[in-house]
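Okay, structure first, notes after.
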Amino acid sequence: MVRRFLRASAALTLTSVFVAAPALADTTGPFGTAVQSANIAIKNAMNIPPAKAPAPPPVIHLPDGTLAQVPPVTQQPVGGSQAVGLPTGWTYTVDFSVAHALGNVGTFGNKWLAGGTDAVIGYGFNPTTRLVANYYELQHYPVGFNSGQVPLYLPAGFPPSPGVNPSCVDLSGKTSATCQGIAPPIDVTTKDKFALFLFEKLFTLGKIAGRSLPIVVTPTYVSRWSTVNASNGNHDVVPFVDLNGVPHFGISTRTTQVYSLAVTLPFLKTPRMFGTFTAAPTWLVHTAGLNQQNHAQIYQILYVEYSLSRTSKIFFEPQVSRDYLPADPYAQHLAAYFLGASQQVGKTGFIQVVLNSGSPTNYSPYGVKQLNCLALPCSSNTLPTVGGLKATQVQIEFGIGSPSVIQF
C-alpha cells in the first residue's frame with residue numbers, strides 16, 4: 001500500500017513542487033566582452049608595421065672649389081604611422097540570437113530556445129583608454145532534468161526499504177514496473193542576464209623584432225541575475241535541498257555581483273592567425289546563500305582565431321574558471337569551450353554560429369541527484385538535490401555594429 005501510494009504520488013511530487021533546481025554551474029564566463037575588446041586593441045597594435053630606421057642622407061658631390069654649406073635639419077617621424085589600439089570615440093554592437101539545446105536533455109529539452117539580446121556601447125578617449133557598458137542574455141537548458149532515473153527518499157525516521165525508501169522516479173516520464181514516470185515534464189529553460197562595466201587600458205611592454213608587445217588591463221564589474229521557466233514567476237528563487245540534506249527556500253540561486261581584474265596578452269600573430277591569453281582574478285562583491293568564503297577565483301581564457309578571408313573567420317575559446325553562485329558552498333571548477341564561425345555582412349553587419357558547452361569538474365552528478373520528501377504527503381513536500389549543471393547548445397547570432405569593433 002505504501003509503495004503504491006508513493007509511486008502514484010511521484011508524478012504530483014515533481015509537477016507541483018519540483019520547480020527548477022538551482023544551477024550549480026554556468027556554461028559561460030562573464031568576461032566575453034572584456035576579452036573581445038582587448039583582442040581588438042592588441043590586434044590593432046600588433047598590425048602596425050615594424051619601425052624602420054631612417055635612411056642615411058644622400059651624398060651630394062659638389063664641383064671642385066665649391067664651399068659646402070650645412071643644410072637645415074628636418075626631423076622625420078620614425079615608422080611613418082600613428083599607434084593604433086582601442087577603438088576611439090563612440091562605438092556600439094547590437095545582436096539577437098537563438099539557441100538549440102544539445103546533449104542528454106530528454107525529449108522535452110530537445111528544442112530551440114527563445115532568443116536573447118546583446119548590446120554593447122563604448123567610448124574610447126584615445127587608443128589606450130576606453131570605457132564600455134555591456135548587457136547580454138544567454139539561454140541554456142541543462143542536462144539531467146528530463147532524463148534518467150533518480151531515488152525519492154522518505155522523511156527522516158522512515159526505515160530503509162528497497163523500492164519504498166528510496167523509491168524510483170523516472171524524469172523522462174516513462175513508467176515501468178519498478179519506476180514511476182512524471183508528467184508533465186519540468187521546464188528548466190534558464191535565461192541568464194549580465195550587466196558589465198569595463199575600464200580598458202592598453203599598455204606596451206616593449207618591442208620584439210620591431211613590433212610592440214601590447215597587453216590590455218581591464219578592471220570589471222559584473223552583475224548577473226536569471227529567470228527559470230519553472231520557477232512560478234520567482235525568477236531564480238527556487239527551493240532545494242543542499243548536499244548536506246538541509247532544505248533552502250529563499251535563496252536567489254543565480255544572482256550575484258563580482259569585481260574582476262582581467263589581463264590579456266598575445267601569444268600568436270601571423271597574417272591569418274591570432275591568439276591571446278586572459279587571466280582574471282575575481283572576487284564576490286559580497287557572499288550570499290551558501291557561500292562560505294570569498295577569495296580570488298581565477299578565470300583563464302585562451303582565444304585562437306583563423307581568418308578564412310577578409311570577411312570570415314573561425315575561432316576556438318577554451319576556458320578554465322572558478323564560478324561562485326549563491327547555491328554553491330564552494331567555488332565551481334568550470335571547464336568550457338566555445339567553437340564558432342563569423343561572417344561579416346556589408347560594412348556593419350555580422351552573422352555568427354557558436355557551439356558552446358561547459359560543466360563543473362568538482363560537482364556531480366549532472367542534473368537531479370535525488371528527490372527528498374520532507375513530510376507526508378510527498379506530493380506537496382518534496383524538493384530536489386542537484387549535483388552540477390552541464391549545458392551544451394548551438395547559438396546563432398545576427399547583429400550590427402561600428403566597423404571599428406567588427407573586425408575580421
Side-chain angles (χ1 to χ4, degrees), residues 18-33 99 101 105 109 113-114 116-118 134-145 186-196 220-243 246-260 282-292 294 297 299 319 321-334 336 356-360 362-363 366-369 383-393 395:
F18 176 36
V19 297
L24 287 181
D26 197 17
T27 59
T28 62
F31 299 104
T33 300
V105 293
L113 307 176
T117 303
D118 307 333
N134 174 215
Y135 169 80
Y136 74 91
E137 300 174 340
L138 177 70
Q139 290 210 15
H140 49 91
Y141 201 99
V143 305
F145 286 86
I186 306 302
D187 187 356
V188 289
T189 303
T190 302
K191 174 178 279 191
D192 292 329
K193 303 176 183 180
F194 296 84
L196 298 90
T220 305
Y221 171 81
V222 182
S223 177
R224 67 175 292 173
W225 62 102
S226 302
T227 57
V228 184
N229 283 9
S231 66
N232 296 326
N234 291 323
H235 303 291
D236 61 350
V237 178
V238 293
F240 67 99
V241 174
D242 66 25
L243 298 177
V246 179
H248 301 274
F249 296 90
I251 295 177
S252 296
T253 57
R254 299 184 64 79
T255 298
T256 190
Q257 300 82 37
V258 300
Y259 298 122
S260 179
T282 303
W283 299 263
L284 296 173
V285 174
H286 55 79
T287 57
L290 305 185
N291 300 156
Q292 298 180 9
N294 188 15
Q297 308 293 335
Y299 280 78
Q319 302 183 3
S321 61
R322 303 289 187 268
D323 210 2
Y324 208 7
L325 297 175
D328 301 328
Y330 48 89
Q332 310 159 26
H333 296 189
L334 295 182
N356 63 80
S357 180
S359 59
N362 60 333
Y363 280 90
Y366 297 138
V368 179
K369 180 178 182 180
L383 297 179
T385 297
V386 176
L389 174 66
K390 177 179 181 179
T392 303
Q393 51 274 321
Q395 187 176 33

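These numbers were taken from a predicted model, which means no experiment stands behind them.
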- Will you find, in the side chains of Q139 and Y141, an N or O donor that is under 3.5 Å from an N or O acceptor? no
- Task: Report yes or no: does D118 contribute a side-chain atom to a donor-acceptor pair with the main-chain N or O of E137 at less than 3.5 Å?
- Result: yes
- Considering all heavy atoms of both residues, which atom of P239 and which atom of P384 are nearest to each other, and what is their separation? O-CD, 4.0 Å
- Task: Could you tell me whether the side chain of Y324 reaches within less than 4.5 Å of the side chain of N294, counting heavy atoms only?
- Result: no
- Query: Just how far is it from atom CZ of R224 to atom CG of L196, taken to the nearest 0.5 Å?
  - Reply: 10.5 Å
- Message: I'd like to check the side-chain contact (heavy atoms from CB on, under 4.5 Å) partners of H333; sequence neighbours left out, ordered by chain and number.
- Response: R322, T361, N362
- L284 CG to Y259 OH distance, which is reported to the nearest 0.5 Å: 11.0 Å
- Message: Donor-acceptor pair, distance only, cut-off 3.5 Å: does the side chain of T256 make one with the backbone of L325?
- Response: no
- Considering all heavy atoms of both residues, which atom of G388 and which atom of P360 are nearest to each other, and what is their separation? CA-CG, 4.0 Å
- Message: Can you list everything that forms a side-chain hydrogen bond (donor to acceptor under 3.5 Å, both in side chains) with T255? Sequence neighbours excluded, please.
- Response: D236
- Side chain to side chain, H248 and T253, heavy atoms closer than 4.5 Å: no
- Could you point out which residue of W225, Y221, Y136 forms a ring pair (Phe, Tyr, Trp, His ring centres under 6.0 Å) with F194? Y136
- Please tell me if the side chains of V258 and Q297 come closer than 4.5 Å, counting only heavy atoms from C-beta onward. no
- Task: Check P326 against S252 and note the closest heavy-atom contact, atom names and distance.
- Result: CG-O, 3.2 Å
- Item | V188 versus P142, closest heavy-atom pair with distance | O-CD, 3.5 Å
- Message: Please determine whether side-chain contact (heavy atoms from CB on, under 4.5 Å) holds for the pair L113 and K191, giving the CA-CA distance in whole Å, both sets of side-chain angles, and the decisive distance to 0.1 Å.
- Response: CA-CA 9 Å; L113 307 176; K191 174 178 279 191; over 6 Å; no
- To the nearest 0.5 angstrom, please state how far the CZ atom of F145 sits from the OG1 atom of T189. 11.5 Å
- Task: First locate atom CZ of F240, then atom CG of L290, and finally report the distance between them rounded to the nearest 0.5 Å.
- Result: 4.5 Å
- Looking only at heavy atoms, the pair that brings K390 and S357 closest together is CE-OG, 4.2 Å
- Task: Would you name the heavy atoms of G109 and A101 that are closest together and state the gap between them?
- Result: O-CB, 3.4 Å
- Name all residues meeting the side-chain hydrogen bond (donor to acceptor under 3.5 Å, both in side chains) criterion together with Y366; count only those two or more places apart in sequence or in a different chain, and write none if there are none. S359
- The residue among D192, D323, D328 that forms salt bridge (Lys or Arg N to Asp or Glu O under 4.0 Å) with R254 is D192
- Task: With the side chain counted from C-beta on, respond yes when Y363 and L243 share a heavy-atom pair under 4.5 Å apart, and no when they do not.
- Result: yes
